[in-house]
Protein chains: 2
Amino acid sequence: MNGPVQNLQPEGGKSRRVYLLLLDEISNGTYPEGALLPGEQRLAQMYSVSRVTVRRALDALARDGRIEKRTGAGSVVLPARRDTGVTADLTTLIPQLEEMHRRTTARLLSFSYGPAPGPVAQALGLEPGAEVQMAQRVRLLDGGPFSHLTTHVPADLASRYSESDLATTPLFRLLERGGVTVAGARQWVSATLATPEVARSLDISEGSALISLIRVVRDAEGRAIEHLAALYRPDLYRFEMSLARVGAEDARHWSPVIGAEGGA
Amino acid sequence: MNGPVQNLQPEGGKSRRVYLLLLDEISNGTYPEGALLPGEQRLAQMYSVSRVTVRRALDALARDGRIEKRTGAGSVVLPARRDTGVTADLTTLIPQLEEMHRRTTARLLSFSYGPAPGPVAQALGLEPGAEVQMAQRVRLLDGGPFSHLTTHVPADLASRYSESDLATTPLFRLLERGGVTVAGARQWVSATLATPEVARSLDISEGSALISLIRVVRDAEGRAIEHLAALYRPDLYRFEMSLARVGAEDARHWSPVIGAEGGA
DNA sequence: TGTATCTGTTCTACAAATATGACAGATTTC
DNA sequence: GAAATCTGTCATATTTGTAGAACAGATACA
């Protein structure tokens with residue numbers, strides 16, 4: 001009943017396939033910065049597609065800012081702009097702006113009260129349908145969106161701050177200000193695809209890869225007080241951490257380096 | 001010259017769009033476990049596509065095991081099988097198998113020596129074109145693939161272990177056994193799309209979202225000794241970590257909980 | 001300067017995805 | 001048991017994606 005899987009998935013056609021292949025070969029160094037890609041004719045031959053299809057893929061790469069098309073010359077690989085963006089230290093939850101004169105702001109997309117969705121209620125330990133406050137925000141870096149945040153807070157706690165506070169302050173800090181004792185958090189990092197709605201708010205194409213972070217924050221009594229579902233653009237945001245190999249010879253193990261800057 | 005961006009991206013067609021939309025609404029709880037989806041006719045109307053297109057999306061969801069199609073009745077949402085898979089503690093690098101009678105094995109895909117690709121050479125601090133050993137492996141959980149690993153090691157260090165060792169033992173442990181002092185590591189977590197080659201080896205459809213982990217391991221002298229590029233299936237693998245809110249009232253901050261099990 | 005190579009553009013032909021409608025059979029509901 | 005609703009399947013028209021080829025203009029190189 002579980003034979004060889006047929007390809008009945010909406011894959012996205014050949015041009016998307018070539019797009020992904022080239023994107024991968026650019027980022028893994030097969031075509032390094034400044035290098036000239038093979039000609040469209042040659043690429044078409046390499047991937048067994050028509051030149052029209054190759055051109056679509058190249059146009060998409062050019063739109064992404066990964067290559068530059070030069071009439072009569074060819075397509076050159078542009079430097080991946082890793083110099084920009086935000087890096088977050090996973091061990092301290094503190095985001096570090098690469099350059100200090102940058103600024104992040106937030107934009108509130110939606111704000112409402114209602115019954116908790118199933119997965120959220122389960123993660124927070126609420127009975128299904130319990131009243132929660134839901135807020136969706138987009139964080140901007142110098143005006144460009146880099147993360148999409150969806151938070152759920154039990155309704156009785158949510159009354160302690162205002163809607164406009166959400167545009168400026170992290171939620172757990174608002175809760176602390178309201179008298180709640182934030183004791184700890186548990187979080188999971190994963191990956192997901194951009195749905196049309198998220199793609200629009202993050203200014204990317206739908207189906208792009210996004211970093212997914214789920215965080216459940218608890219107070220001193222162990223009660224869940226916040227559920228955060230965050231989506232980050234991988235080109236503008238990174239999670240980083242340093243580890244040290246410590247312990248005696250027969251019991252060596254890894255341990256996080258807290259607040260490191262140089263790292264290991 | 002940079003007006004409103006036209007949609008010249010290979011998006012993947014309407015059926016993929018509907019597929020993504022439904023996948024999102026299932027996982028965010030709009031359609032909870034056991035619920036009946038709207039009829040195909042109705043879905044077609046909701047998303048402004050034809051019934052044929054909706055059927056493609058539903059077929060893909062059924063193939064993924066997210067829904068079950070029932071002739072004459074409708075499509076019901078299946079429980080997301082979170083009970084399976086591997087969870088890795090990011091603070092200790094120790095993967096925890098959810099059930100103890102499971103077993104992970106590895107399969108060697110390729111093994112070769114050659115010049116280091118640009119990004120790898122840069123990350124390892126080698127001169128471009130320096131000789132490295134490259135190995136690609138797939139890790140299996142009970143016979144099913146869940147991660148794709150690409151490692152680069154400077155050629156002079158790589159001679160200390162055999163090709164067959166790679167099928168069983170983590171690389172940094174092989175290096176330790178060979179006399180290298182593993183002192184620390186620095187790693188980044190991100191997200192990427194599955195290229196056709198990776199998709200094949202992980203038994204997923206190309207364009208799927210994958211967790212990406214880059215790790216650079218260094219010895220006591222600060223010399224880079226290993227570059228790991230790992231790709232994980234998000235449905236079978238997760239990164240988890242617990243954080244505690246510690247410190248005095250005016251200097252509260254987050255700190256990782258090491259080796260926690262219950263977490264905060 | 002001439003030649004080879006490459007992109008930009010256009011055209012025709014074919015393949016695949018999609019829209020639309022229809023009908024049989026299964027399932028649920030009353 | 002009858003009616004309503006739903007899926008499974010088929011057929012056809014339309015739209016979109018792709019293949020293949022040709023040619024003009026731009027660029028690189030000897």
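The figures that follow rest on heavy atoms only: side chains count, while hydrogens, waters and symmetry mates do not. Order of the sequence lines fixes the chain letters, A, B, ..., with proteins taken first and strands second; residue numbering starts at 1 for each chain. Here the structure is a predicted model, which is why all the values come from computation and not from measurement.
Within the structure, every side-chain polar atom (N or O) of A/Arg55 is placed at least 4.0 Å from both OP1 and OP2 of C/dT7. Checking the phosphate oxygens (OP1, OP2) of C/dG8, a side-chain nitrogen or oxygen of A/Lys69 falls inside 4.0 Å. The side chain of B/Thr71 places no N or O atom within less than 4.0 Å of a non-bridging phosphate oxygen (OP1 or OP2) of C/dT27. An OP1 or OP2 oxygen of C/dA19 is reached within less than 4.0 angstrom by a side-chain nitrogen or oxygen of B/Thr53. Remark: A/Lys14 is not in phosphate contact with C/dA15, judged by side-chain N or O atoms under 4.0 Å from OP1 or OP2. In this structure, A/Ser50 does not reach the D/dT18 phosphate: none of its side-chain N or O atoms is under 4.0 Å from OP1 or OP2. Contact annotation: B/Ser15 does not reach the phosphate of C/dA17 (side-chain N/O to OP1 or OP2, under 4.0 Å).
Between A/Glu40 and A/Lys69 there is a salt bridge, since at least one side-chain N of the basic residue sits less than 4.0 Å from a carboxylate O of the acidic one.
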Handout entry: A/Leu140 vs A/Thr104, side-chain contact (heavy atoms from CB on, under 4.5 Å): CA-CA, chis, key distance, verdict
Key = CA-CA 5 Å; A/Leu140 312 166; A/Thr104 68; over 6 Å; no
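Under 3.5 Å, the side chains of B/Ser110 and B/Gln136 contain a donor-acceptor pair of N or O atoms.
Taking the six-membered ring for Trp and thresholds of 30 and 60 degrees, B/Tyr232 and B/Tyr237 have nearly parallel ring planes, at less than 30 degrees apart.
Evaluation of atom-type donor-acceptor distances gives no pair under 3.5 Å for the side chain of B/Arg70 against the base of D/dG8.
Protein atom CG of A/Asp59 is 12 Å distant from nucleotide atom C1' of C/dT9, rounded to whole Å.
Checked against C/dA19, C/dT7, D/dA19, the side chain of B/Val49 finds its nearest nucleotide in C/dA19.
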